[in-house]
Amino acid sequence: MAQATRVFCRNFSSSSSRFGNIKHVTVIGAGLMGAGIAQVAASTGHQVVIVDQTDDILSKSKATIEKSLQRVAGETFIAEVMGRLTIKTDAAAAVKNTDLVIEAIVENLEVKKKLFSSLDKAAPKHTIFTSNTSSIPIKDIAVATQRQDRFGGLHFFNPVPIMKLLEVIRIPATSDETFDKLLGFGKAMDKSTVNCKDTPGFIVNRLLVPYMMEAIRMVERGEASPQDVDTAMKLGAGYPMGPFELTDYVGLDTCKFIIDGWHKKYPDNPLFMPSPLLDKLVSEGKLGNKTGEGFYKQKK
Ligand SMILES: C[C@H](O)CC(=O)SCCNC(=O)CCNC(=O)[C@H](O)C(C)(C)COP(=O)(O)OP(=O)(O)OC[C@H]1O[C@@H](n2cnc3c(N)ncnc32)[C@H](O)[C@@H]1OP(=O)(O)O
Ligand SMILES: NC(=O)c1ccc[n+]([C@@H]2O[C@H](COP(=O)([O-])OP(=O)(O)OC[C@H]3O[C@@H](n4cnc5c(N)ncnc54)[C@H](O)[C@@H]3O)[C@@H](O)[C@H]2O)c1
């Protein structure tokens, strides 16, 4: 059994997580990332509330988590984990009793600020706020609150149950106590943490997103097909997925949000140039695996 899988079969106390500080976690956004983060948080003994806009989205998300757990764990463990998960559509009510908020909603600064501004009024003083943003500066989100010393970034990787890394981001205002708690939480989630400054894309995305964009530009220039680029990078560079498979996996909309945001902020950086092909696919609703088609059509 791979190390990544073993965490799911360990026995955590159902009443508390292994590292004292953060016991109750609120995950806002029940999509691709939120579901994965909630799954791992509940699997590692945390009490978790997942928040999204509708009950329908939340029920689907819970079903996804259960299905994901079925791949790696037995009935008793799954029942324990699912018992630690609750769902809510009212974010302000959800955070009333929480130690940590992890926001994983759409990659849009104004939407994230609006959410945090309302949560700031509702959450207790000790609650730490974090964003799982791929590309937006954490400090630009934190200004919507009066708790910038209790604000940071927790950037997880997709698929969250398998990817071992967690980037922990501090802004100048983040207190040492908050940062230490976030590192401790990463450990409690069985992730390997790296310390990041609040720079564009932190560590991984600053390297990965320009690589994915350059692959798309290579196809736009007619130099190779997506299939050949993917085969080349898997067999020639040892990557588990080629850049087109990965873009479909991450979501073309998310990739577009990232590159458009960086291009707006740094218009002279050629690595951050938008792509007409990516824009076209997104405008056609071809967002990747989540809609059944992106660069590739998913097999039914
Ligand atoms: C843009 C954002 O801001 C940042 C990002 O997230 S960028 C994206 C980062 N992610 C990547 O780069 C992913 C690249 N791709 C990969 O690493 C691999 O293709 C992959 C991990 C997605 C799938 O790998 P693959 O070997 O095909 O998966 P699969 O065989 O199904 O499972 C691998 C192991 O994980 C386990 N696993 C699968 N699903 C699981 C789940 N839901 N929960 C826990 N474990 C699971 C499997 O049981 C298996 O373990 P085993 O070796 O003990 O049998
Ligand atoms: N997709 C990835 O590979 C990946 C990896 C790391 C980080 N991220 C980041 O994580 C965040 C979420 O990405 P995702 O891929 O899970 O997106 P997604 O589209 O799968 O899910 C987003 C969810 O947020 C919900 N939502 C939107 N606005 C909301 C609000 N105001 N209140 C409550 N819920 C709301 C949506 O209904 C949706 O279910 C983004 O900031 C993204 O950049 C994505």
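Order of appearance sets the numbers: ligands from 1, and atoms from 1 within every ligand. None of the values given here were measured: they were computed from a predicted structure.
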Take every heavy atom of Ala104, measure it against each atom of ligand 2, and state whether any distance is under 4.0 Å.
yes
Heavy-atom distances under 4.0 Å decide this one: backbone, side chain, both or neither, for Asp52 against ligand 2?
both
Proximal candidate to atom 31 (O) of ligand 1 [heavy atom criterion; set Arg71, Met163, Glu167]:
Arg71
Which of the listed options, Met33, His155, Lys60, holds the heavy atom that is closest to atom 5 (C) of ligand 2?
Met33
Using a strict threshold of under 4.0 Å (side-chain N to carboxylate O), is an ion pair present between Lys290 and Asp253?
yes
Can you check whether Phe156 has an N/O within less than 3.5 Å of an N/O in ligand 2?
no
Measure the distance from atom 21 (O) of ligand 2 to every protein heavy atom, then report the residue, atom name and distance (to 0.1 Å) of the closest one.
Gly31 CA, 3.3 Å
Numbering the atoms of ligand 1 from 1, which are under 4.0 Å from a heavy atom of Gln39?
43 (N)
Is any N or O atom of Asp253, backbone or side chain, closer than 3.5 Å to an N or O atom of ligand 2?
no
Subset of ligand 2 atoms that lie under 4.0 Å from at least one heavy atom of Asn158
3 (O)
Does only the side chain of Thr254 get under 4.0 Å from ligand 2, or the backbone, or both, or neither? Count heavy atoms.
side chain
For atom 42 (C) of ligand 2, what is the closest protein heavy atom, and at what distance to 0.1 Å?
Ser134 OG, 3.4 Å
Winner among Pro240, Ala35, Gly251 once heavy atoms are compared against atom 18 (C) of ligand 1:
Pro240
As a check for students: among Gln53, Lys112, Lys290, identify the option with a heavy atom nearest to atom 17 (O) of ligand 2.
Lys290
Counting only nitrogen or oxygen atoms and a 3.5 angstrom limit, does Leu32 reach ligand 2?
yes
Member of Thr254, Val250, Val282 meeting the side-chain contact (heavy atoms from CB on, under 4.5 Å) criterion with Leu287:
Val282
Under 4.0 Å, heavy-atom basis, I'd like to know which part of Phe257 is in contact with ligand 2: side chain, backbone, both or neither.
neither
So which heavy atom in the protein is nearest atom 35 (C) of ligand 2, and how far is it from that ligand atom?
Ile105 CG2, 3.4 Å
Check for me whether Lys114 has a heavy atom closer than 4.0 Å to any atom of ligand 2.
no
